[in-house]
Amino acid sequence: MFRQDRTNPSSAVSNWKGRRDTAKAWPSTAVSSWLNGALFSGAATGGWAYFFGNGSIAGWGRGDNIDKMDSATETRTTLSSVIATGRYQATGNGNAGVAAYCNCGHASSNLNSTEKISFTADSTSVLTSTNPSGSYYGGGQGTNQGVKAYYMGGNKYPITATVFDMPFATETWGTLSNDLTYNPLTFPSCSDNGVAAYAAGTYTGSTTNVDKMPFASETPASLSDSLPTGGGYANGGYSVYGSKGYVSINPSSTTYSASINYSTDAVAAATLGLTNGLSYAASCSISDTAGYTTGGDMHGGVSWTDGIQKVTLPDETHSTLTATLSEANHGATSATNETALI
């Protein structure tokens, strides 16, 4: 039996979750590199965020562009590669060191396809495997790094509570036997790596549910705590692994955010300073250092933005970057390539 308490003596027990096979998964690393949590503590921080697909402001078209931001310099470049089918309200999953995935979404109609962005060359391809139940948009994402991507809920006409999974090793979509406890659409989600995915609220702003799906059991359950106000109209969230997740809720009218304590599953209001009235924005976190919220509709779709907002973690301070997206948009999708997880 591999003893993490001996190789990782000063780290919190919560940092061992999902890592019982560490010795097998990291055979080429010296045991000394695991000491004091160095392998998992995020000693190497930062990485790259990818923002792809959107409802472009020009005639409500469906964008196929891919923007990439380096967290070290917080500068944005636009890749020469594009996704094959422009879409918005898709979901994104990043498998660190390997690839990002853009799943389902809406073009002239709903989509069932998954597009892949390989990190080594920033090249794109379309997976053979599609969503086994049909075409969806507005779902939530969950990511268990190195293991699986999840697509939760979304609209197939009608809105569903189904959860789909894709092992990164096979890149083949399947359907879990257990559903979410409610039917969410265009809602924020976040993941505590190796532990669980969380789904929060729904687009109507009237639902305060928060579901947790442990990766070990893949059985969603509703938390006893709920959102401080009904939530939705958001994509993605922020995460400080082993500590907290953050979701934007009900941003179509004002700014509300909530935090989820990963240790206790307590849910509370959070003040992150995001722009008022910003809906259909895409959010992601790069390691434990920062979360980014990009694009979105300001004031009910009257004005779309290309702005990039930053929330420094874990101190939760807000700023707006000089860099912008390549165009104003709403409904984009995000995924990250996190250095600490490679």
Side-chain angles (χ1 to χ4, degrees), residues 89-93 103-106 110 112 131-144 148-166 173-192 195-239 244-253 256-262 264-270 279-283 331 333:
Q89 290 194 50
T91 65
N93 303 91
N103 314 304
C104 296
H106 190 84
N110 288 357
N112 65 358
N131 188 294
S133 181
S135 301
Y136 287 78
Y137 80 93
Q141 64 262 43
T143 304
N144 189 6
K148 280 186 180 182
Y150 296 88
Y151 186 101
M152 304 182 290
N155 197 348
K156 187 191 173 184
Y157 307 116
I159 303 169
T160 75
T162 310
V163 182
F164 303 97
D165 66 326
M166 184 195 76
W173 284 99
T175 306
L176 297 189
S177 7
N178 302 303
D179 292 348
L180 297 172
T181 66
Y182 71 110
N183 298 350
L185 171 66
T186 315
F187 61 100
S189 53
C190 57
S191 296
D192 186 14
V195 183
Y198 294 79
T202 190
Y203 80 108
T204 60
S206 60
T207 297
T208 59
N209 298 56
V210 180
D211 271 13
K212 176 182 180 179
M213 185 186 73
F215 294 135
S217 66
E218 296 184 329
T219 302
S222 182
L223 298 188
S224 56
D225 272 7
S226 57
L227 298 175
T229 184
Y233 287 109
N235 186 338
Y238 310 147
S239 227
K244 279 185 180 181
Y246 297 89
V247 293
S248 297
I249 50 178
N250 202 22
S252 58
S253 59
Y256 290 109
S257 298
S259 66
I260 303 168
N261 187 308
Y262 287 147
T264 64
D265 288 334
V267 181
S279 57
Y280 295 107
S283 296
T333 303

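These numbers come from the heavy atoms of this one structure, side chains and all, not from hydrogens, waters or symmetry mates.
- In this structure T91 satisfies the side chain to side chain donor-acceptor pair (under 3.5 Å) test together with N103, sequence neighbours excluded.
- Side-chain N or O atoms of T219 include one that pairs as donor or acceptor with a backbone N or O of S217 at under 3.5 Å.
- If you take OG1 on T202 and CZ on F187, they are separated by 7.5 Å, rounding to the nearest 0.5 Å.
- Between Y203 and S279, the closest side-chain pair of non-hydrogen atoms is not below 4.5 Å.
- Atom-to-atom distance recorded for S248:OG and Y238:OH is 5.5 Å, nearest 0.5 angstrom.
- In terms of modelled atom types and a separation under 3.5 Å, the side chain of S191 and the main chain of G142 share no donor-acceptor contact.
- To the nearest 0.5 angstrom, D192 atom CG is 10.0 Å from N144 atom CG.
- The CG atom of D211 sits 5.0 Å away from the CG atom of L180 when rounded to the nearest 0.5 Å.
- Sorted pairs that involve residues 173-188 and meet salt bridge (Lys or Arg N to Asp or Glu O under 4.0 Å), not counting sequence neighbours, are lacking altogether.
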> Going through the distances and angles, do S222 and N209 end up as a side chain to side chain donor-acceptor pair (under 3.5 Å)?
Replying inline: CA-CA 7 Å; S222 182; N209 298 56; 4.5 Å; no
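- Considering all non-hydrogen atoms of both residues, S133 and Y136 come closest at OG-OH, 3.1 Å.
- Under the side chain to side chain contact (heavy atoms under 4.5 Å, CB included) criterion, S135 pairs with N110, N112, not counting sequence neighbours.
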